[in-house]
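Reading through the structure tokens given below for one structure.
Sequence lines set the chain letters: A, B, ... in the order given, protein chains first and strands last, and positions in each chain run from 1. Everything numeric here is computed off the predicted structure, so don't read it as measured data.
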Protein chains: 2
Amino acid sequence: MTPVSESTDHTGFWMRMVSNAVSQSFARKVETEGVTVAEWAFMRALYDMDPMPPSVLANRMGMTKGAISKLADRLLAKGLIARTESAADKRVHNLGLTREGNAKVPVLASLADENDAEFFSVLTKEEHERLDLILKALAERRGLKTTPVD
Amino acid sequence: MTPVSESTDHTGFWMRMVSNAVSQSFARKVETEGVTVAEWAFMRALYDMDPMPPSVLANRMGMTKGAISKLADRLLAKGLIARTESAADKRVHNLGLTREGNAKVPVLASLADENDAEFFSVLTKEEHERLDLILKALAERRGLKTTPVD
DNA sequence: TCCTTTTCATTGACTAGGAAACTACTGCAG
DNA sequence: CTGCAGTAGTTTCCTAGTCAATGAAAAGGA
């Protein structure tokens, strides 16, 4: 009746609702390991990689340098990453996982696997596959590149 | 090779990536009307309704009372909503749209329509319908109720 | 070589929201 | 009718992020 559409008319609405729920669920899981979701994303980006400067991480994670800087401070305080000076350029330093940080990644990764499997288990296999395909198509066709926070 | 899964293996990852992109795009649009996405959601919730207390809004919008309280302050300052005291219970007050706020809702709603149509236009009709169905099924089967922010 | 421009990272100010403490009021038990 | 438990809303403190200003170092041009 009203000329004003409902929020629930929009795909974006449902998208966000579901996305929020997955993320929240995951946040609760990683919390048990003493890290936040952003911290997990940071560590995942570093895993299996040579230490890299904040600017590169900012780029990969789709966050600003400022955010990375503060995130790095927190992870340093937790002893999960380490800073190493760059010999060539004194402005630059590299960030890499500590032994402890490195050990934590597989644990967190399996929480991520578990969370995803659990959350989407209410879909049939066919629905789940279809959803993946559509989301990936959307991301590609829209040229989305900034890596969000899992 | 590594036993640690990639973020991109997870449906939740793509979900969030797409969801973020839709929301950002919408945020840019409503910004031209001088409101934030949360403010829009607030106003939409009030549209066509009798004024209601903050606690009800908090419930409907899936936000805490504190957040609503602050959001209401901002909207009051912008003259888009008004507070009316409840006669029966002096703790309670009701929030409703002002004439100006009311007039703004259809404008914002059409921006929401536009944003959704635009963003998902890269999907075929069939893909879009399928996506809607799957998202709604997911929300229902998971019992999601908290209304996010469009 | 020296000066200017650019780049890298950090910092500070600000926005947004959640959790919990706090305030004011209601309403019920005695 | 008094006092106390519960309820509604606000406030404070915290986390997290952006943006813009800043400082330090490198690079490039005259």
Does [N] have OP1 or OP2 under 4.0 Å away from a side-chain N or O of [X]?
| X | N | answer |
| --- | --- | --- |
| B:R83 | D:dA8 | no |
| A:S55 | C:dA9 | yes |
| A:R74 | D:dC14 | no |

To the side chain of [X], which of [options] is closest?
| X | options | answer |
| --- | --- | --- |
| B:V92 | C:dA16, D:dG17, D:dG9 | D:dG9 |
| A:P54 | D:dA26, C:dT10, D:dG9 | C:dT10 |
| B:T64 | C:dT11, D:dT18, C:dA19 | C:dA19 |

Atom-pair distance ([atom1] on [X]; [atom2] on [N]), nearest Å:
| X | N | atom1 | atom2 | result |
| --- | --- | --- | --- | --- |
| A:N59 | C:dA9 | CG | C1' | 15 Å |
| B:I81 | D:dG9 | CD1 | P | 13 Å |
| B:K78 | C:dT15 | NZ | P | 11 Å |
| A:L71 | D:dA16 | CG | P | 8 Å |
| A:E31 | D:dC14 | CD | C1' | 14 Å |
| A:D73 | C:dG12 | CG | P | 11 Å |
| B:K90 | C:dG27 | NZ | P | 12 Å |
| A:H93 | D:dG23 | NE2 | P | 19 Å |

Whichever of A:V56 and B:D89 has its nearest DNA chain C nucleotide further upstream toward 5':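 First, find each residue's nearest nucleotide; the 5'-ward one identifies A:V56.
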
Toward the 5' end of DNA chain C, which comes first, A:K65 or A:K70, by nearest nucleotide?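 The residue closer to the strand's 5' end, by nearest nucleotide, is A:K65.
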
Checking B:D113 against A:H10: is there a side-chain donor and acceptor pair closer than 3.5 Å?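 Checked: A:H10/B:D113 side chains pair up, N/O donor to acceptor below 3.5 Å.
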
Does either side chain, that of B:T11 or that of A:H128, offer a donor lying less than 3.5 Å from an acceptor on the other one?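 Checked: B:T11/A:H128 side chains pair up, N/O donor to acceptor below 3.5 Å.
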
Hey, is the side chain of B:R91 pairing donor to acceptor with the base of D:dT7 inside 3.5 Å?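 Pair found.
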
Got a salt bridge between [X] and [Y], using NZ or NE/NH1/NH2 to carboxylate O under 4.0 Å?
| X | Y | result |
| --- | --- | --- |
| A:K90 | A:E85 | no |
| A:R130 | B:E126 | yes |
| A:E118 | B:R142 | no |

Indicate, with a heavy-atom threshold strictly under 4.0 Å, whether A:A88 touches base, sugar-phosphate, or nothing.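 Touches sugar-phosphate only.
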
